[in-house]
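Before any comments, here is the structure.
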Amino acid sequence: MVGTLTDARTIRALLEGAERESAAMGEPEPGAEHVLISAALLPDGTAARALASLGLDADALRAAVQGVHSDALGGISVTVPVTPRTRGVMRSQDSVRELLRATARERSAHASKRFVSAHVLLGVTELEGGTALLALERLDVTPARLRAAAESALPVT
Amino acid sequence: MSPLEIPSADDPRAALATVVALRRLADQLERAATQAALAQGWTWSQVAAALGVSKQAAHKRLAPHVTSTGA
């Protein structure tokens with residue numbers, strides 16, 4: 001997935017954004033759902049455009065992720081202080097590694113010159129389950145709808 | 001607190017989503033409670049004992065997530 005220096009910077013921004021999102025939700029490590037939200041905020045704008053065509057933005061995704069957990073617990077929640085940034089090497093859940101692998105496959109499949117945020121949305125459609133997909137389902141977005149929107153938003157190569 | 005209905009294993013997708021949510025809740029509560037304990041003067045030994053883990057394990061898992069560090 002890392003083809004150029006620009007790609008490396010984009011990936012770093014993606015993962016740092018995911019860390020911020022998980023910290024804001026009081027979780028120590030980002031999951032694929034946080035990477036999804038982070039993609040929506042990347043400056044290349046392709047993921048944001050794809051999501052906007054589905055009537056969504058980062059805030060909608062955040063609310064949906066919280067909603068997935070809240071629904072599963074019958075409304076029980078706990079208020080926690082915002083966790084400080086984790087020290088040391090960036091850690092993440094297995095779901096993040098899985099999403100990054102799927103994103104790299106999608107990027108290769110589309111023979112794109114550079115890595116853009118819409119590739120992350122395509123990667124999400126390959127996941128087999130988990131909070132990211134449940135959040136999208138909660139927003140009435142099927143993997144097929146997400147794929148179509150993301151492919152429309154890809155830059156023309 | 002409303003009673004929690006655990007989805008049956010006949011609905012594994014819902015049941016596993018509940019597992020994920022419960023783990024997340026447990027982690028959040030653990031960090032919030034540790035933060036409060038340290039602020040009230042608990043030592044890491046005492047926090048670890050309450051959690052049923054070694055002091056080393058408690059510190060390794062929780063120290064990065066608390067803003068105050070006890071003795």
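Just so it is clear: chains get the letters A, B, ... in the order the sequence lines come, proteins before strands, and each one is counted from 1.
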- Message: Are A:Val120 and A:Leu122 connected into the same hydrophobic cluster when the rule is that any two of I, L, V, M, F, W, Y join if their side-chain heavy atoms are below 4.5 Å apart?
- Response: no
- Message: Using the rule given for side chain to side chain contact (heavy atoms under 4.5 Å, CB included), can you reason through B:Asp27 versus A:Glu27, listing the C-alpha separation, both sets of side-chain angles and the distance that settles it, and then say yes or no?
- Response: CA-CA 8 Å; B:Asp27 287 345; A:Glu27 298 181 56; over 6 Å; no
- Task: Give the cluster check for A:Ile37 versus A:Leu14: same hydrophobic cluster or not, with ILVMFWY residues linked at side-chain heavy-atom distances below 4.5 Å.
- Result: yes
- Give a yes or no on whether B:Val20 and B:Leu16 share a hydrophobic cluster (residues Ile, Leu, Val, Met, Phe, Trp, Tyr; joining criterion: side-chain heavy atoms under 4.5 Å apart). no
- Any Lys/Arg nitrogen of B:Arg13 or A:Glu137 sitting under 4.0 Å from an Asp/Glu carboxylate oxygen of the other? yes
- Closest non-hydrogen atom pair, A:Ala72 against B:Thr18: O-OG1, 3.3 Å
- Query: Side-chain heavy atoms under 4.5 angstrom apart, residues restricted to Ile, Leu, Val, Met, Phe, Trp, Tyr: same cluster for A:Leu134 and A:Met25?
  - Reply: no
- For residues A:Gly26 and B:Gln28, report the shortest heavy-atom separation together with the two atoms involved. O-CG, 3.4 Å
